[in-house]
Amino acid sequence: MPRTEPRTVPPGQRLVAELPVQHYGRVPVLSPETWTLSIVGETAGPDRVLTWEDLQALPRDTLVADQHCVSKLTSQDVVWEGVLVRHVVDLAPPADGAGHVLVSATYGYSASLLLDDLISPRSLLATHRNGDPLAAERGGPVRLVVPHLYGYKGPKWVGEIAYLREPVRGFWEQRGYHLVGDVWRQERYSYQE
Ligand SMILES: Nc1nc2c(c(=O)[nH]1)N[C@H]1C(S)=C(S)[C@@H](COP(=O)(O)O)O[C@H]1N2
Ligand SMILES: [Mo]
C-alpha cells in the first residue's frame, strides 16, 4: 500500500535516519505460538480472542509510513507488513456508540485512541518491519501502527483492544499527553484537548 501522508516532516518534528528503539520497561519474551489478541469491552457480539493462526488467515498488506515520536523525532519510509486493523475489527465489531478504544500491551502499557483512528485505512497490526519479522524490541510478534498518530498510540506487544463509550486514558495520556495525538495537527499535550 503506497504512502498517502505527505512526505514532508510534520510540524515541530526533526528528521533522523532511524528512530531509536524506545519504550517504557523491559522487552517481554513472546512467541507467535503463545501470542493472543483479545477484543473486549463494548462489542456488538461476543468478545473474541485471536491467535497467531487466526491473524495469519486474514489478508495481508504492506505499507510505507513514517514513525513520529511525540518527543519530536521522525524517521521516514519504514516498510510495515501485517494485517489491517479493520479486518480484525470486522471479526468482532464494536457496538453502536462505542467511539473510543484502549489498546493494551504486555507489562501494563496502553494507549487511548478514537475508534475512527483505530480503523483508519492505514492502521495496521504489524508483524514485519523493513522486510524482517518484527524484532522483540520493535514490538514482535505484533504491534499496532497508525501512521498519522504519534508513536505512543502504537503499542508494541499488543494484546488487547477494548471498545469504550467514553475515553479511558492510557499510559502516556495519563501523563499529560493528548487523547487523540494526530501528528499533522500537532496534538501533543493534554492541555490542547
Ligand atoms: N508496549 C509499548 N509500546 C510502545 C511504547 C512503550 O513504552 N511500550 N512506547 C511507544 C512510543 S512513545 C514510541 S515513540 C514507539 C517507539 O517505537 P520504536 O521503538 O520502534 O522506535 O513505541 C510506542 N509503543
Ligand atoms: Mo514516543
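We count ligands from 1, going down the list as the structure has it; atoms in each ligand are counted the same way. Everything quoted here is computed from the prediction, not taken from an experiment.
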Could you list which atoms of ligand 1 come closer than 4.0 Å to a heavy atom of [X]?
{"X": "Tyr152", "answer": "10 (C), 11 (C), 12 (S)"}
{"X": "Ala105", "answer": "1 (N)"}
{"X": "Pro20", "answer": "18 (P), 19 (O), 21 (O)"}
{"X": "Pro155", "answer": "3 (N), 24 (N)"}
{"X": "Cys69", "answer": "14 (S)"}

Practice prompt. Among Leu102, Val89, Val40, find the one that has a side-chain contact (heavy atoms from CB on, under 4.5 Å) with Tyr163.
Written response: Val89
Item to complete: For ligand 1, find out whether one of its N or O atoms is nearer than 3.5 Å to an N or O atom of Gln67.
Response: yes
Practice prompt. Using distance alone, decide if ligand 1 has a nitrogen or oxygen within less than 3.5 Å of any nitrogen or oxygen in Gly154.
Written response: yes
Which protein non-hydrogen atom lies closest to [atom], naming both residue and atom, and how far is it?
{"atom": "atom 15 (C) of ligand 1", "value": "Arg143 NH2, 3.6 Å"}
{"atom": "atom 7 (O) of ligand 1", "value": "Tyr24 N, 2.6 Å"}
{"atom": "atom 18 (P) of ligand 1", "value": "Arg138 NH1, 3.2 Å"}

Any salt bridge between [X] and [Y], counting N to O under 4.0 Å?
{"X": "Glu187", "Y": "Lys153", "answer": "no"}
{"X": "Glu137", "Y": "Arg129", "answer": "no"}
{"X": "Arg3", "Y": "Asp77", "answer": "yes"}

Worksheet item: Centres of the Tyr109 and Tyr24 rings: under 6.0 Å?
Response: no
Worksheet item: Taking atom types as modelled and ignoring hydrogens, do the side chains of Asp117 and Ser120 form a donor-acceptor contact shorter than 3.5 angstrom?
Response: no
Worksheet item: For atom CZ of Arg60, is the number of surrounding heavy atoms from other residues, nucleotides or ligands below 6.0 Å larger than 12?
Response: yes
